[in-house]
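Everything on this sheet refers to the single structure shown next.
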Amino acid sequence: MSTSKMRNILTIGATAISAFYLGTYTNRLQNKDDATEEGICRLPGLPFFSTVSAATLVPATPAPGEVNLTATPSRISQIMKYGFPGLDHVRSHSDYVLSYDRRNRVPHWVFEHITADSVAKNDAVDRSKCDFRADESIHPYFRAQNTDYRRSGYDRGHMAAAGNHRLHQKHCDDTFLLSNMAPQVGQGFNRDSWNRLESYVRKLTRTYANVYVCTGPLYLPHKEDDGKMYVKYEVIGPNTVAVPTHFYKVIVSEAADQKLHMEAYIMPNKVISDDTPLQVFQVPPETVERAAGLLFFDQMNRKQLVSVNGKKV
DNA sequence: TTTATTGT
């Protein structure tokens, strides 16, 4: 085991990670050659695919230079090109797709498709004009409110980052829904190392034509003094919003030649020294899948996959 | 630069 791998495991908790089988992602994918064909048929009647026959009645891909302001079927298909990680309470917004965890009042996962254009500086989009607000599409029993976060000591941390959605003010606004938030340690995490990871993902668009990123929370077990394993996490506010122990990102970068490069990261929701290299937090994608109960990019053709965490496969 | 909060 390499030094960096060992440091990584120590950082995110040895007991948590050793509980998961550290196989290779490619092993599972090797049986998935025909995954693409079965993909569409597998989808249940989600609201945005409700009537396939109606698809032609809905505005399709916008003309070049124009921007989708609503979650059109074509845009959702583009964002979700490589498959849905899960299907629990899926919501499609103008520029990202989310699955909501009603029990924990935070997302299960959010999916984004970003390009050099969508992350480019745009004076027409002003983050300071965006307001954090409750998501009215979530049943009130399960809806997080701003009061849950107030004086909790935690930031309202974006899962789909505001900085990834600069094509239009509406795209930026939509990322401020509380259904896209989870409680994050502010100084030392959200505003620092997690922000570094988000910036790194944006930087990938300088090299790759399309970047697909899935982000979400984890609740990892740890061993306590009695020798038993427990999952323990704080909850905040009147609506008992869960404070995840860790967060993940699974990224697929698509090159102009259709070759795919996959990366996966798990970071603990705690103060992380700014000089910690992001590589320290790399894990096999399968580790995130087992921890989250989700399958990422399962519609990806493995023949296109050329690297995982920077190593050839 | 972007990420955010504090009865400021």
Side-chain angles (χ1 to χ4, degrees), chain A residues 93-96 98 105-107 109-135 144-207 211 213-218 234-249 251 263 265-278 280-281:
Chain A
H93 295 292
S94 57
D95 205 35
Y96 72 100
L98 167 151
R105 300 83 155 96
V106 295
W109 53 262
V110 306
F111 230 98
E112 300 165 89
H113 161 250
I114 65 174
T115 62
D117 281 348
S118 69
V119 305
K121 183 173 161 48
N122 178 358
D123 290 335
V125 177
D126 186 349
R127 191 187 200 276
S128 68
K129 287 180 183 161
C130 301
D131 294 316
F132 291 97
R133 62 192 191 282
D135 186 339
Q145 302 283 356
N146 281 316
T147 50
D148 294 315
Y149 286 84
R150 195 161 298 146
R151 288 186 294 282
S152 70
Y154 294 98
D155 279 9
R156 294 166 290 192
H158 286 68
M159 297 293 98
N164 291 353
H165 304 278
R166 289 157 153 161
L167 280 177
H168 196 279
Q169 185 69 34
K170 163 78 170 155
H171 293 181
C172 185
D173 287 345
D174 277 4
T175 69
F176 277 73
L177 290 165
L178 291 182
S179 52
N180 179 44
M181 305 292 162
Q184 290 187 320
V185 170
Q187 213 72 50
F189 183 70
N190 182 34
R191 307 173 195 187
D192 297 293
S193 284
W194 182 254
N195 187 29
R196 263 196 300 142
L197 179 58
E198 291 179 334
S199 298
Y200 167 74
V201 174
R202 283 194 281 276
K203 198 172 164 186
L204 288 171
T205 63
R206 298 182 194 173
T207 308
V211 174
V213 55
C214 187
T215 307
L218 294 172
E234 184 181 355
V235 295
I236 57 171
N239 295 301
T240 61
V241 178
V243 181
T245 64
H246 295 71
F247 292 93
Y248 68 81
K249 279 188 185 290
I251 307 149
E263 298 171 62
Y265 296 84
I266 295 177
M267 295 181 79
N269 189 14
K270 64 183 190 188
V271 174
I272 294 169
S273 171
D274 277 340
D275 56 17
T276 312
L278 292 175
V280 163
F281 303 103

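A note on names: the letters A, B, ... follow the listed sequences, proteins ahead of strands, and every chain is numbered from 1.
- Interface residues of residues 184-191 of chain A facing DNA chain B, ordered by number: A:N190, A:R191; criterion, heavy-atom separation under 4.0 Å.
- With sequence neighbours left out, A:Y200 forms a ring pair (Phe, Tyr, Trp, His ring centres under 6.0 Å) with no residue at all.
- Relative orientation of the A:H171 and A:H168 rings is tilted, given thresholds of 30° and 60° on the angle between their planes.
- Checking A:S94 against A:D174 by side-chain atom types alone, a donor-acceptor pair falls below 3.5 Å.
- Within the nucleic acid shown, A:R202 comes within 4.0 Å of sugar-phosphate atoms alone, with no base atom in reach, counting heavy atoms only.
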Between the protein and nucleotides 6-8 of chain B, which nitrogen or oxygen pairs come in under 3.5 angstrom?
{"unit_1": "B:dT6", "atom_1": "OP1", "unit_2": "A:R151", "atom_2": "N", "d": "2.8"}

I'd like a table of donor-acceptor pairs (distance under 3.5 Å, sequence neighbours excluded) in which one partner is a side-chain atom from residues 183-191 of chain A, with atom names and distances.
{"unit_1": "A:N190", "atom_1": "ND2", "unit_2": "A:D155", "atom_2": "OD2", "d": "3.0"}
{"unit_1": "A:R191", "atom_1": "NE", "unit_2": "A:D155", "atom_2": "OD2", "d": "2.9"}
{"unit_1": "A:R191", "atom_1": "NH2", "unit_2": "A:D155", "atom_2": "OD1", "d": "2.7"}

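- Taking atom NZ of residue A:K203 and atom P of nucleotide B:dT1, one finds them 16 Å apart after rounding to whole Å.
- Residues that satisfy the side-chain contact (heavy atoms from CB on, under 4.5 Å) test with A:T115, not counting sequence neighbours, are A:H113, A:D117, A:S118, A:N210.
- Separating the CG atom of A:D192 from the P atom of B:dT5 is a distance of 14 Å, rounded to the nearest angstrom.
- In this structure, CG of A:N164 is placed 14 Å from C1' of B:dT1, rounded to the nearest angstrom.
- Every side-chain contact (heavy atoms from CB on, under 4.5 Å) that A:D274 has, sequence neighbours left out, goes to A:D192, A:S193.
- Rounded to a whole Å, the CZ atom of A:F176 is 13 Å from the C1' atom of B:dT5.
- Under the side-chain contact (heavy atoms from CB on, under 4.5 Å) criterion, A:K121 pairs with A:D123, not counting sequence neighbours.
- With sequence neighbours excluded, no residue forms a salt bridge (charged side-chain N to carboxylate O under 4.0 Å, His left out) with A:R196.
- Residues satisfying the side-chain contact (heavy atoms from CB on, under 4.5 Å) criterion with A:R151, sequence neighbours excluded, are absent altogether.
- Nucleic acid contact for A:F132: sugar-phosphate only, since backbone atoms but no base atoms lie under 4.0 Å from a heavy atom of the residue.
- Spacing between atom CG of A:D274 and atom P of B:dT3 amounts to 16 Å, rounded to whole angstrom units.
- Within the structure, the salt bridge (charged side-chain N to carboxylate O under 4.0 Å, His left out) test picks out no pair touching residues 175-188 of chain A (sequence neighbours left out).
- Remark: nothing in residues 114-126 of chain A comes within less than 4.0 Å of DNA chain B through any heavy atom.
- Residues satisfying the ring pair (Phe, Tyr, Trp, His ring centres under 6.0 Å) criterion with A:Y96, sequence neighbours excluded, are A:H93.
- Nucleotide B:dT5 holds its C1' atom 13 Å from the CD1 atom of A:I236, rounded to whole Å.
- B:dT3 atom P lies 7 Å from atom NE2 of A:H158, rounded to whole Å.
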